[in-house]
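When a residue number appears, it is its place in the shown sequence, counting from 1.
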Amino acid sequence: MPSCYPAPNIDVIPKKHLRHFFIKNINSQKELTMLSTSMSTCRRRFHLCKISISSVALHKHNDYDKNLQNTKGAFASAPDEPDIDAFLPRTNMNLVTSINQTLFRILEKNSSAILFGQDIAFGGVFRCTTNLQSKFGKNRVFNTPLNETGIIGMAVGYASTGSLAIAEIQFADYVFPAFDQIKNEASMFRYRSGNQWDCGKMIVRMPYGAVGHGGHYHSQSPEAFFTHIPGIIVVVPRGPIQAKGLLLSASISNDPVVFFEPKALYRSKIDDVPDEDYYIPIGKAEIMNEGTDVTVVGWGRQLQVLEKACELAQKNHGISCELIDLRTLAPWDVDTIEASVRKTGKLLVSHESPVTGGVGGEIACAVQERCFLSLEAPIARVCGYDMPFPLIKEKEYLPDEWKNLEAIKSLMEFSK
C-alpha cells in the first residue's frame, strides 16, 4: 500500500473495502500470519476499523472475487449526455457555489467519501469547501499539512480501499511535488496488480490558469503533463453547469480523475444550474455552437475567449465557426473533432499553456492523420508562449480573442 502521512481517525472505511484490498494473494499460513501482524500495526497507527484475520480469510474466494468480476473501466457504463435544458427547477449560481454544492452532494450520497487538503476546513483559499466540515464532521472533511506529496499519497492509499478520496491541491502550480504519486502510484495501481486492486475512487481537484495578477506561481496551466499518463482521466469544466455534471461523474469513475478548475471563473461565470443531479459523460466533447467554415476547439476558461472570437468572426467577417468544448482532455473525444473537421476543412485549437508539448499538438496530429484529405488549410494553434508565465506582460502572453480572430481569418484566407 502506498505510504501516506498519518490522517485523522478514518473509521468510515467500510470493512468490506478494507478486506478486499489485502487478501487476494494469501497462499500460505506464513503469509496469513504476516498479514495479521501488518493489519494490527495499521490499526494502531491509523486507527482503522477493526476486522479479524479470520473474517478476511473467509471472504478470500467469494466476496472478493465476485467484486473483482464486476470491475469495469471508467467508460464501460458511461452515462448518456443529459438534456440540461429539460432539468427543472434551476438555481442561478457561480462556479464556486456549484462546486461547493456538488461536493456536498457527493459527501451526502457516499458515506465513504472524505475531502481533504490545505486549509479546506474553513473553505479553502477560494471558499469552494465552505461549511462542509460543519456538516460532515472533522473525520470526513479536514485540513492537511502543506505537503502536496503527502496529500496525494494519502488519496492513493485511501482510494485503494475502495473508498472515495477527494484531495485538493491549493494551486495547480504546486502539484509537481505530488507528480510521482500520481504518475507512479495512482496511474499504475490497477495495471501492476493485474486488475486485482485499484485506486480508481480518487479525485484530485486544483484551480489552474491565469487570473490577472497571479504571476509565475499562481497562473500556470499544467494540464498537458497529466494527459501523458495512461490511467489518469483529466477533466476541465468551463462553467457551473459543466462543473457539477463532470464532478458527479468523476465521483463514480473507476479511474483516478485530475479535475482542473478555472479559478478566473470561480465568481465571474454564472449559470442556471439544475437542482437535480445529472452526469456529464467523461470522454465526450460538447458542440457549443454549430458552424460550417472553421472548427474551433478549446476547454476551460479559454472557451470564454473563443466564444468572443467566434462571435466577432461571424459578425464582422461572416465566418461560421463550430465551437467545441473538449471537456475531457484524457481520454479526449477524437470522433467529435474529426466529424467537425471533415465538415469545415479547417481547425483551430487554443489553450493558455505553452504551445510546445501542449494538448493542442496532440489534437493537431490526430486530426491530420484522420482528416488529411479533408483539410483545406494547415491546422492552427493559438496558445501561450514557451516561457514562464509573466506577471507584468500577462495580457501580451494570453491567447486572447483578437489573436484567435486573426487565426480564424488566416484559415479562411488560406483556403480561398
Testing the basics here: between [X] and [Y], what is the closest heavy-atom pair and its distance to 0.1 Å?
X	Y	answer
Ser221	Gly209	OG-CA, 3.5 Å
Thr130	Arg127	OG1-O, 3.0 Å
Leu246	Pro281	CD2-O, 4.4 Å
Gly300	Asp325	N-OD1, 4.4 Å
Thr129	Gly124	OG1-N, 3.7 Å

Is the shortest side-chain heavy-atom distance between [X] and [Y] below 4.5 Å?
X	Y	value
Trp332	Val359	no
Gln314	Ser320	yes
Asp180	Thr149	no

We want to know whether Thr97 and Asn94 form a side-chain donor-acceptor pair, criterion being a heavy-atom distance below 3.5 angstrom.
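Checked: Thr97/Asn94 side chains pair up, N/O donor to acceptor below 3.5 Å.
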Decide whether a cation-pi geometry holds between Arg192 and Phe189; the criteria are a distance under 6.0 Å from NZ or CZ to the six-membered ring centre and an angle within 45° of the ring axis.
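Yes; both conditions hold, so Arg192 lies above the ring face of Phe189.
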What's the separation between atom [atom1] in [X] and atom [atom2] in [Y], rounded to the nearest 0.5 Å?
X	Y	atom1	atom2	answer
His317	Leu312	NE2	CG	7.5 Å
Arg105	Asn110	CZ	CG	11.5 Å
Gln181	Ser187	CD	OG	10.5 Å
Ile169	Tyr174	CD1	OH	12.5 Å
Ser251	Ile203	OG	CD1	5.5 Å
His216	Asp173	NE2	CG	11.5 Å

Applying side-chain contact (heavy atoms from CB on, under 4.5 Å), run through Glu362 and His228 and close with a yes or a no.
CA-CA 10 Å; Glu362 175 62 25; His228 194 65; over 6 Å; no
Does a side-chain N-to-carboxylate-O contact under 4.0 Å join [X] and [Y]?
X	Y	result
Arg190	Asp255	yes
Lys244	Asp275	no
Lys403	Glu406	no

Measure up the Tyr385 and Tyr397 rings against each other and bin them: parallel (under 30°), tilted (30 to 60°), perpendicular (over 60°).
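The rings of Tyr385 and Tyr397 stand perpendicular, inter-plane angle above 60°.
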Going through the distances and angles, do Asp335 and Arg370 end up as a salt bridge (Lys or Arg N to Asp or Glu O under 4.0 Å)?
CA-CA 10 Å; Asp335 293 334; Arg370 290 176 170 232; 3.2 Å; yes
More than 12 foreign heavy atoms under 6.0 Å from OH of Tyr217: is that the case here?
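Incorrect, the count does not exceed 12.
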Sort and list the pairs that fulfil side-chain hydrogen bond (donor to acceptor under 3.5 Å, both in side chains) and have at least one residue in residues 300-312, not counting sequence neighbours.
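For residues 300-312: Arg301-Glu352, Gln302-Ser350.
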Please test Ile241 against Tyr278 for side-chain contact (heavy atoms from CB on, under 4.5 Å), starting from the C-alpha separation and ending with a verdict.
CA-CA 10 Å; Ile241 291 175; Tyr278 55 92; 3.6 Å; yes
Go through the structure and list residues passing side-chain hydrogen bond (donor to acceptor under 3.5 Å, both in side chains) with Lys346, not counting sequence neighbours.
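side-chain hydrogen bond (donor to acceptor under 3.5 Å, both in side chains) list for Lys346, sorted by chain: Glu376.
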Please walk me through it: do Phe226 and Phe259 pass ring-ring contact (aromatic ring centres under 6.0 Å, His included)?
CA-CA 11 Å; Phe226 298 91; Phe259 196 90; over 10 Å; no
Check against salt bridge (Lys or Arg N to Asp or Glu O under 4.0 Å), Glu81 and Lys284:
CA-CA 8 Å; Glu81 185 75 32; Lys284 182 65 176 175; over 6 Å; no
